[in-house]
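In what follows, chains carry the letters A, B, and so on, assigned in the order in which the sequence lines appear, proteins first and then strands, with residues in each chain numbered from 1. Being a predicted model, the structure only gives us computed values, none of them experimental.
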Number of protein chains: 2
Amino acid sequence: MRIGQATIKDIAKALNVSASTVSRALKDYPGISQETKKKVKELAEKLNYRPNAVALSLRKSKTFTIGVIIPEVVHFFFSTVISGIEEVAFANGYNVILCQTNENLEREISSVETIISNQIDGLLISFSKETTDFSHFKKLLDHQFPIVFFDRVPDLQDTVNVTVDDYSGAYEAVKHLIDQNYKKIMHLAGPKNLLISAKRKEGYTHALKEAGIAIDENLIRECRIGTQQETYEICLDYFKDETTRPDAVFAANDVAAAGAMKAVQELGLKVPEDVGIVGFSDWQFSAMMNPPLSTVSQPGFEIGERSMQLLIDMINSNKEEAFVPKTEILETALIIRGSSSRIKK
Amino acid sequence: MRIGQATIKDIAKALNVSASTVSRALKDYPGISQETKKKVKELAEKLNYRPNAVALSLRKSKTFTIGVIIPEVVHFFFSTVISGIEEVAFANGYNVILCQTNENLEREISSVETIISNQIDGLLISFSKETTDFSHFKKLLDHQFPIVFFDRVPDLQDTVNVTVDDYSGAYEAVKHLIDQNYKKIMHLAGPKNLLISAKRKEGYTHALKEAGIAIDENLIRECRIGTQQETYEICLDYFKDETTRPDAVFAANDVAAAGAMKAVQELGLKVPEDVGIVGFSDWQFSAMMNPPLSTVSQPGFEIGERSMQLLIDMINSNKEEAFVPKTEILETALIIRGSSSRIKK
DNA sequence: TTGTAAGCGTTATCAC
DNA sequence: GTGATAACGCTTACAA
């Protein structure tokens with residue numbers, strides 16, 4: 001109250017009318033004389049009156065605020081999603097409360113708790129790598145609380161999800177490598193418990209099988225940490241022995257791909273002549289690498305927009321209709337750049 | 001209320017005591033019998049009682065929520081700052097409402113409005129490139145409303161600011177280029193109305209003067225849009241004529257530097273042999289470019305942390321003490337990479 | 001056309 | 001030790 005906002009009561013007192021009259025006048029309710037309405041509106045304007053959103057929230061049990069829970073803000077893909085969320089939220093008069101979990105389950109649970117006691121109208125979630133138990137979400141879902149999961153979606157019945165077609169994105173990427181005549185393609189995979197990791201791996205294996213290439217489990221390596229350094233070290237190891245080394249890498253994300261490229265180039269191998277590399281996500285840096293990194297782009301902004309729109313639909317729906325479980329799958333796009341193009345047309 | 005939260009009244013009714021007794025029991029107020037306290041706490045636990053933060057906010061005129069207004073979420077530097085803000089907020093029980101302005105003044109004004117009617121406790125702001133008039137902030141400041149400006153700070157009296165030493169960051173960068181024997185250094189400058197742009201330009205001119213190099217206004221070019229494409233085109237133009245072309249670029253940010261590098265390399269010039277390039281901000285991609293981009297790193301995370309801490313101090317201070325105007329300046333660090341190192345040691 | 005009163009969930013202030 | 005009441009700012013039956 002430092003800001004000394006005027007309230008309806010202030011206006012009522014000043015004009016010698018009741019608070020309800022002021023309230024009605026301000027909202028153009030029928031049955032208020034033109035004169036009163038005019039007086040009220042003028043004074044409100046003069047006092048720079050703004051309705052107190054907290055009081056409204058309490059009264060209406062609706063806050064026009066939604067919560068977003070994500071693993072990390074400093075992550076190109078997630079920041080893009082947030083941006084999409086924010087746009088739709090702003091356009092619809094919603095506020096966005098942001099919580100990052102730092103991929104930490106405990107913090108995720110705590111965020112859900114505090115955000116809920118703030119009476120938010122709904123929740124957008126991409127859960128942490130540590131999350132294998134979903135009971136902290138289940139509790140809410142059982143109460144019909146509006147939640148949309150995006151990108152990383154849980155293995156639960158009856159949820160509303162927005163994700164991308166990780167499977168076919170990966171499939172296209174690996175098919176492209178095969179088309180470029182790479183024979184021994186390794187896969188830097190994401191954490192096992194994420195569905196997106198599994199889907200990408202599936203796309204990888206399917207493309208190989210289809211081309212009649214046998215799956216070699218030794219060529220698939222799970223990356224738990226997710227840093228460039230991690231895959232750099234892994235690849236130094238994989239590529240140092242020239243008799244057994246792969247001739248291509250399909251990485252589950254661009255940071256992993258960048259680590260691979262660094263390792264390969266340090267070993268004196270040429271990209272894409274000796275080794276082809278394709279990443280996933282189209283981070284901002286990918287186009288600026290040398291050679292530019294081929295990758296599978298995900299429509300982060302659209303994921304954010306669509307998730308927020310679905311959430312608003314759920315919030316506004318009286319009951320069941322918008323709560324029918326569904327998973328919307330947005331399309332990925334293979335972006336072919338220098339790191340995987342060795343065949344001239 | 002979909003979630004069917006239990007209230008104090010529910011507990012009171014169930015135990016046949018008054019609401020005030022329940023309230024006191026839950027908060028371990030003195031003068032409550034052990035027995036009552038026990039009963040209340042047990043039932044609260046059982047019903048999974050959580051205090052309604054909205055009701056508390058109304059009662060106490062304090063929401064434990066702060067607002068963050070930034071130009072863009074999808075921006076490495078800003079996402080880093082947000083991350084720092086979020087960490088300190090979380091540690092202190094504050095929620096963060098996020099608004100992006102997309103560098104649009106109108107939206108900035110509107111965000112301030114809505115966020116204020118939500119009775120937030122304070123505001124963290126980095127204003128848009130379009131913002132030259134500060135009356136929408138002034139109004140709040142005049143009411144002693146807690147605001148901390150970060151990175152882009154306004155030309156106003158009596159504000160609390162957190163920024164980095166843009167001047168000396170730029171100075172060090174250009175001095176380094178001179179040390180590397182570059183003679184004709186151009187500057188891709190940021191938008192004129194941002195103080196940070198002016199400071200960086202100042203550092204640039206000072207370093208030149210100190211080295212006895214005359215300032216050539218033709219070598220200073222303001223970039224309004226801020227995309228890679230913009231500086232790419234500018235540089236294609238500047239570097240095509242080999243008789244007049246510069247031999248180095250100091251860019252006010254890394255994206256601009258990346259555009260310059262692309263143009264220069266396309267013209268067949270070698271970096272760093274023919275042209276040295278230094279950027280500003282140490283974006284994630286900078287280390288991954290080829291050659292890796294020299295740049296001036298800004299402590300984004302610390303800026304966020306420090307800003308949020310100052311804001312909390314202001315919120316908690318009874319009056320004047322924490323409101324003394326001040327500008328905290330954090331240190332930058334020159335990161336020398338391949339794009340500007342042509343002298344062997 | 002306007003006023004009164006109750007209520008959203010909580011707590012501070014008096015009573016008893 | 002505990003309860004009743006008022007108040008935070010607003011809306012909305014219900015009265016007048």
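Counting to the nearest Å, the P atom of D/dG9 and the CD atom of B/Gln119 are 8 Å from each other. Distance, B/Leu58 CG to D/dA6 P: 17 Å, rounded to whole Å. If you take NZ of A/Lys13 and P of C/dG3, they are 14 Å apart, rounded to a whole angstrom. Here the P atom of nucleotide C/dG3 and the NZ atom of A/Lys9 are 15 Å apart, to the nearest Å. Here the P atom of nucleotide C/dT10 and the CD1 atom of B/Ile11 are 8 Å apart, to the nearest Å. Distance B/Asn52 CG to C/dG7 C1': 14 Å, rounded to the nearest Å. Atom CG in B/Leu26 sits roughly 8 Å away from atom P in C/dT11 (whole-Å rounding). Taking atom CG on B/Leu15 and atom C1' on D/dT2, their separation rounds to 14 Å, with Å as the unit.
Residues that satisfy the side chain to side chain donor-acceptor pair (under 3.5 Å) test with A/His75, not counting sequence neighbours, are absent from this structure. Partners of B/Ser126 under the side chain to side chain donor-acceptor pair (under 3.5 Å) rule, at least two apart in sequence or in another chain, do not exist in this structure. Partners of B/Phe77 under the ring pair (Phe, Tyr, Trp, His ring centres under 6.0 Å) rule, at least two apart in sequence or in another chain, do not exist in this structure. Looking at residues two or more places apart in sequence or on another chain, you find no side chain to side chain donor-acceptor pair (under 3.5 Å) involving B/Arg24.
Using a 4.0 Å cut-off, no side-chain N or O of A/Thr7 falls inside it from OP1 or OP2 of D/dG9. Using a 4.0 Å cut-off, some side-chain N or O of B/Ser33 falls inside it from OP1 or OP2 of D/dT2.
Not one N or O on the side chain of B/Ser83 forms a donor-acceptor pair closer than 3.5 Å with the backbone of B/Ser79.
Note: A/Arg152 CZ to A/Asn161 CG = 14.5 Å, rounded to the nearest 0.5 Å. The line from CG of A/Asp121 to CD1 of A/Ile66 is 9.0 Å long, rounded to the nearest 0.5 Å.
The pair B/Glu130-B/Arg107 fails the salt-bridge criterion, with no side-chain N (NZ, NE, NH1 or NH2) lying under 4.0 Å from an Asp/Glu carboxylate O.
With no hydrogens or angles considered, a side-chain donor-acceptor pair links A/Glu108 and A/Thr131 at under 3.5 Å.
For the segment residues 35-44 of chain B, no residue has any heavy atom less than 4.0 angstrom from an atom of DNA chain C.
Residue B/Val54 is out of contact with every strand shown, counting any heavy-atom pair closer than 4.0 Å.
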Protein proximity profile, nucleotides 11-16 of chain D - base contact B, sugar-phosphate-only contact S, no contact -, cut-off 4.0 Å on heavy atoms = BBB---
